[in-house]
Structures are given as structure tokens and as C-alpha cells.
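As a basis for the values below, the full set of heavy atoms in this structure was taken, side chains included, without hydrogen atoms, waters or symmetry mates. Predicted, not measured: the structure shown is a model, and the values here were computed from it.
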Amino acid sequence: MTMKTKLYHHLQSTTTKNPQWNTLLREAANKSLFTKALSLYLHMLRSGAFPNAFTFPFAIKSCAALSLPITGKQLHCHIVKSGCLLEPFVQTSLVSMYGKCSLIDNARQVFDENPQSRKLTVCYNSLLSGYALKSRVKDVVVLFCEMRGLGVEINGVTMLGLVQPCGIPGNLGLGMCVHGFCVKFGLDMDSSVGNCLLTMYVKSGEIDCGRKLFNEMPRKGLITWNAMINGYAQNGLANNVLELYKEMESKGVCPDPLTLVGVLSSCAHLGALSAGKEVERKMEICGFSSNPFLKNALINMYARCGNLEKARDIFDGMPVKSVVSWTAIIGGYGMHGLGEVAVQLFDEMIRGGIRPDGTAFVSVLSACSHAGLTNKGLDYFGVMERKYGLRPGAEHYSCMVDLLGRAGRLNEARELIESMQVRADGALWGALLGACKIHRNVELAELAFERINQDCAIKKPQALRWKLSLMKVTEIDFLRH
DNA sequence: CTAGGGTTAG
């Protein structure tokens, strides 16, 4: 008989069961052993003990962490029957669980059913973070205003809920306004809030504002460095990433897997193989070698730097391959013109039960286009929506225009553009112009160029680049435009 | 209630 079973028998034989069960449950949940916590809860019920207000929060928290909304709803019923619903801890954990499981309307309902909710900061915060997760900026702002109106205390966690959903590209105004609130409440120097503000700026594409804040932050923790490094990485500023990483090392701050992910992806973009290999060594030294995020980043780095064999070795060695791992290796073969291999891998992925996402389709479509597998690409494009319910985005249309364009099927490319429901982006016009250049189609190039000029959303430097690209096609005088 | 991550055509 194992220790654990002995313990269960002991607990089942005691008359005062709840305290012991609750202690076990709490310890499991606090150690992030959520599956264990839930099985303890079930054992508890079977043993005839009654869960109480010290039991439910930890069981509910486990449902939230494991994203088990159905189990969560069952627990909700148990809570109602037990009469614990009005306990603040229980109430808050329920709101939080529904929020994390993306059942924000259920969260709202629990919140509204109990008038006590509107007195509690933590309860408001739970609901706020639920709305934040769904990027419901408006609801977040309304709730925040309500808290202020009712005089409910506003703390750092409240601010996190308010700041998080403001990280949307081109949303500088609201972001700065929210930053202002943080300052007003004296919470901008709170390290979590500061890091969250930094992330908000970089996610909005306001990388300079982010850097300014970063420089001003008095205490830079690992998360601060990571937010800035990954912010540069996500905005394509790979050189800044390497520079900042060097600075971080020189300050004696030890990287963690999140740091190295950003650095590796920048090495990949720069084709900086030796820097990438150095990161790989660092991974080994720090014991991060089996981190799946880092392995995916490594596959991408080796593939982009031209070492497909090494990329393939890492891919083959992964015990669990996610759709991201597959996308990275497929993209790797695609960018080196090995479209046949890419297509085979894509089909193998599907046979293996991995559902492709929009990004996986981008990588296979572009592989088809590079290898001249035009009809295969057209098939995938059709299957994408019909079989997988994925609406093609601008990036997929760009691939298709590239695919058709390279094959000289410019009229079909033009028809596709005219039929599409999403707004054309720069990549699409770039692909079309590229095709016009190859096939010397001046008429269509000029049409594309006209559309670029009409599209006010397109930034000026880009328009100028395309203008120059068009000149090469038509060999017309720059001054005529 | 609680801040940061991998894949994406041109």
C-alpha cells in the first residue's frame, strides 16, 4: 500500500474530514498540481465529506487553470447547493474561472447575482481580467469607471486588467490615457503594472514609447528585459534585440527561456547563424534544451540560416510536435524550394491528427508557390475554408496572388483580388507587382499601382518602394508620377 | 484577482 493510499484510508476513517481534505487540496493547487487537486476533490466527495468555503476556491481554480468549463459548471452547482456562493473567496474564484474559460457572460452573471461583488476589489478584478482576455476594451473601461464611481479601491491588479487589452496596433491614444490613470493612482511604478504598460506599448507597435518607459523604469526585472527584447523581436527590430540582449548579459541578468525565444527568432530573421549557435549553447548550459518553445525557435533559426538537416534533426527529435513545430519545418523546406517535401510534411501532419491553423496554411501555400506547385496550392486554398473553416486572410490572398502570379496566371490573380472580402495589404500588391515584373505585364502593374495610391492606409515609404518597383516594370519616367 | 514567449507570404 503506497503512502498516498494509506493517507486516503486514514482520511476516510476520520470523522472530522474536511480540514484534512482542504489542506491537501490547497497544497496541490498551490503547487500547480491541478489535476491532482481535482482528483482529490472527487475522492473527497466519494468519501462522504462535504466540501465547504475552504474547499471550492481551490477546486475552481484548478478548473480555471486546466480550462475545464464543464467541470467548472458542475462545481458551480455544488457551490449553489452547499450555500457557499456568497462567500467572497468562492464568488471571486467562480468569476475568475468563467473568465479564464472564455465564458465571460457566465462570469458576468455570477458577478451580477451577488450585490456583494460590487464592494470587492478582487471580484471586480476577476471580471476585469476576463474581459481583458477577450480584448473587450470597452467593457473594461466601463467597469473601471464603475469602480471609481462606487469608490471601490483600485489596486495594481485592477490596472493590469485595464492596461492589457489596450495593446492593439494603432491604439496609442487610449494606451496613453490608461497610462495616465496609472500615474494618477500612483501605480505606474508598481513593477507588474510597469511591465504590463511596456508590453502594451510594444504590442501597439509604439516601440519608441516602450523603450522610453523601459529606460525610465527604476527596477528592471527579468520580465522587464523580456518584454522589451520580445517587443523588439515582434516588431522586426532584430538588431535591437541582439544589442539589448548583450546589454542584459553585461548587467549580470540571467536569461530564461522567454528571453532566448526572442533572441533566437531575431537570429533567424538576420540569418545570424553564429549568434544563433551561441544561444543554443546557452540553452544547454541553462538546462532549457527540452523547452518546446525554444526547440521551435531553433528549427526556424537553422532552417532560415540554411541548415535544413540540423533543423530536421531537431524536429524529428521532438517528442511532442505542435502545429507550430510543423509550420516551422514546412516553412523551412518551402523557403529553400523543396516544395514537394513541404507538401508531404503538411499531409503527414494532418494524418497525424494535428489540425492546421491559418499560419500553417501560409507556410504550405508559400512552399507551393516557390516550387511551382500551382494546382496543389489552389487545392489547399480551397480546403482551408471548406474543410477547416478557416477564413482566408490578407496573408493567404498574398500567397495565392504570388502562386498564380509566378505561374503567369495573372488574370486569375486579378479575379481573386477582385473577389476577396478582406482588405488588400502591402504584401498582396508586392506579390502582384513582382508577378507583373516577371511576366512584363505593364497594364496590370499600373492598375496595382493606382490601387496602392488610392489606399490611404498604406504608409508612405512603402508606397515609394512600390513606385520604384513599378518603374522597373514599366520603365516609365519617375517624374511622370 | 496577478505583468513577458515559438510558426507566417512580399
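Of the candidates B/dT7, B/dC1, B/dA9, the closest approach to any side-chain atom of A/Ser126 belongs to B/dC1. Looking at the side chain of A/Val324, the nearest of the listed nucleotides B/dG6, B/dA3, B/dC1 is B/dG6. Taking only side-chain atoms of A/Lys203, from C-beta outward, the nucleotide of B/dG5, B/dA3, B/dA9 with the closest atom is B/dG5. When the nucleotides B/dC1, B/dT8, B/dA3 are ranked by their closest atom to the side chain of A/Gln164, B/dA3 comes out on top. In the set B/dG5, B/dC1, B/dA9, B/dC1 carries the atom at the smallest distance from any side-chain atom of A/Val122. The side chain of A/Ile223 lies closest to B/dA3 when the candidates are B/dA9, B/dA3, B/dG5.
In this structure, A/Gln234 reaches the sugar-phosphate backbone alone: every heavy-atom distance under 4.0 Å involves primed, P, OP1 or OP2 atoms, never a base. Note on A/Ser322: a base of the nucleic acid sits closer than 4.0 angstrom, heavy atoms only. Within the nucleic acid shown, A/Lys100 comes within 4.0 Å of sugar-phosphate atoms alone, with no base atom in reach, counting heavy atoms only. Residue contacts shown for A/Asp190 are absent, as no nucleic acid heavy atom lies under 4.0 Å away. Residue A/His396 is classed as having no contact, given no heavy-atom separation below 4.0 Å to the nucleic acid. When heavy atoms are screened at a 4.0 angstrom cut-off, A/Ser192 is found touching base atoms of the nucleic acid. Across all strands shown, A/Ser265 has heavy atoms under 4.0 Å from sugar-phosphate atoms exclusively, and none from any base.
Rounded to whole angstrom, the span from the CG atom of A/Leu197 across to the C1' atom of B/dT2 amounts to 14 Å. Here the P atom of nucleotide B/dA9 and the CD atom of A/Glu395 are 11 Å apart, to the nearest Å. Rounded to whole Å, atom P of B/dG5 lies 16 Å from atom OH of A/Tyr232. Distance A/Asp188 CG to B/dA3 C1': 14 Å, rounded to the nearest Å. Regarding A/Leu213, its CG atom lies at a distance of 12 Å from the C1' atom of B/dA3, rounded to whole Å. Whole-Å rounding puts the A/Met335 CE to B/dG10 C1' distance at 13 Å. Distance, A/Leu198 CG to B/dG5 P: 10 Å, rounded to whole Å. Computed from coordinates, the A/Tyr302 OH to B/dG6 P distance equals 19 Å when rounded to whole Å.
A donor-acceptor contact closer than 3.5 angstrom is absent between the side chains of A/Asn114 and A/Ser117.
Between A/Lys61 and the phosphate of B/dT2, there is no side-chain N or O to OP1/OP2 separation shorter than 4.0 Å. Residue A/Asn155 places none of its side-chain N or O atoms closer than 4.0 Å to OP1 or OP2 of B/dT2. Phosphate contact (OP1/OP2 of B/dG5, side-chain N/O of A/Asn230, threshold under 4.0 Å): absent. Contact between the side-chain N/O atoms of A/Arg304 and the OP1/OP2 oxygens of B/dG6 is not found at any separation under 4.0 Å.
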Atom pairs and distances, donor-acceptor, side-chain atoms in residues 150-169 of chain A, under 3.5 Å, two or more places apart:
| unit_1 | atom_1 | unit_2 | atom_2 | d |
| --- | --- | --- | --- | --- |
| A/Asn155 | OD1 | A/Asn125 | ND2 | 3.2 |
| A/Asn155 | OD1 | A/Val157 | N | 3.1 |
| A/Asn155 | OD1 | A/Thr158 | N | 3.0 |
| A/Asn155 | OD1 | A/Thr158 | OG1 | 2.9 |
| A/Thr158 | OG1 | A/Asn125 | OD1 | 2.8 |
| A/Thr158 | OG1 | A/Asn155 | N | 3.1 |
| A/Thr158 | OG1 | A/Asn155 | O | 3.4 |

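Judged by the 6.0 Å distance and 45° axis criteria, A/Lys61 is not positioned over the aromatic ring of A/Phe34.
Within the 3.5 Å criterion, the main-chain N or O of A/Val323 finds a donor-acceptor partner in the side chain of A/Thr327.
Taking A/Tyr98 as the reference, A/His76 meet the ring-ring contact (aromatic ring centres under 6.0 Å, His included) condition, with sequence neighbours excluded.
Side-chain contact between A/Arg312 and A/Tyr333: present, with at least one pair of heavy atoms (C-beta onward) separated by less than 4.5 Å.
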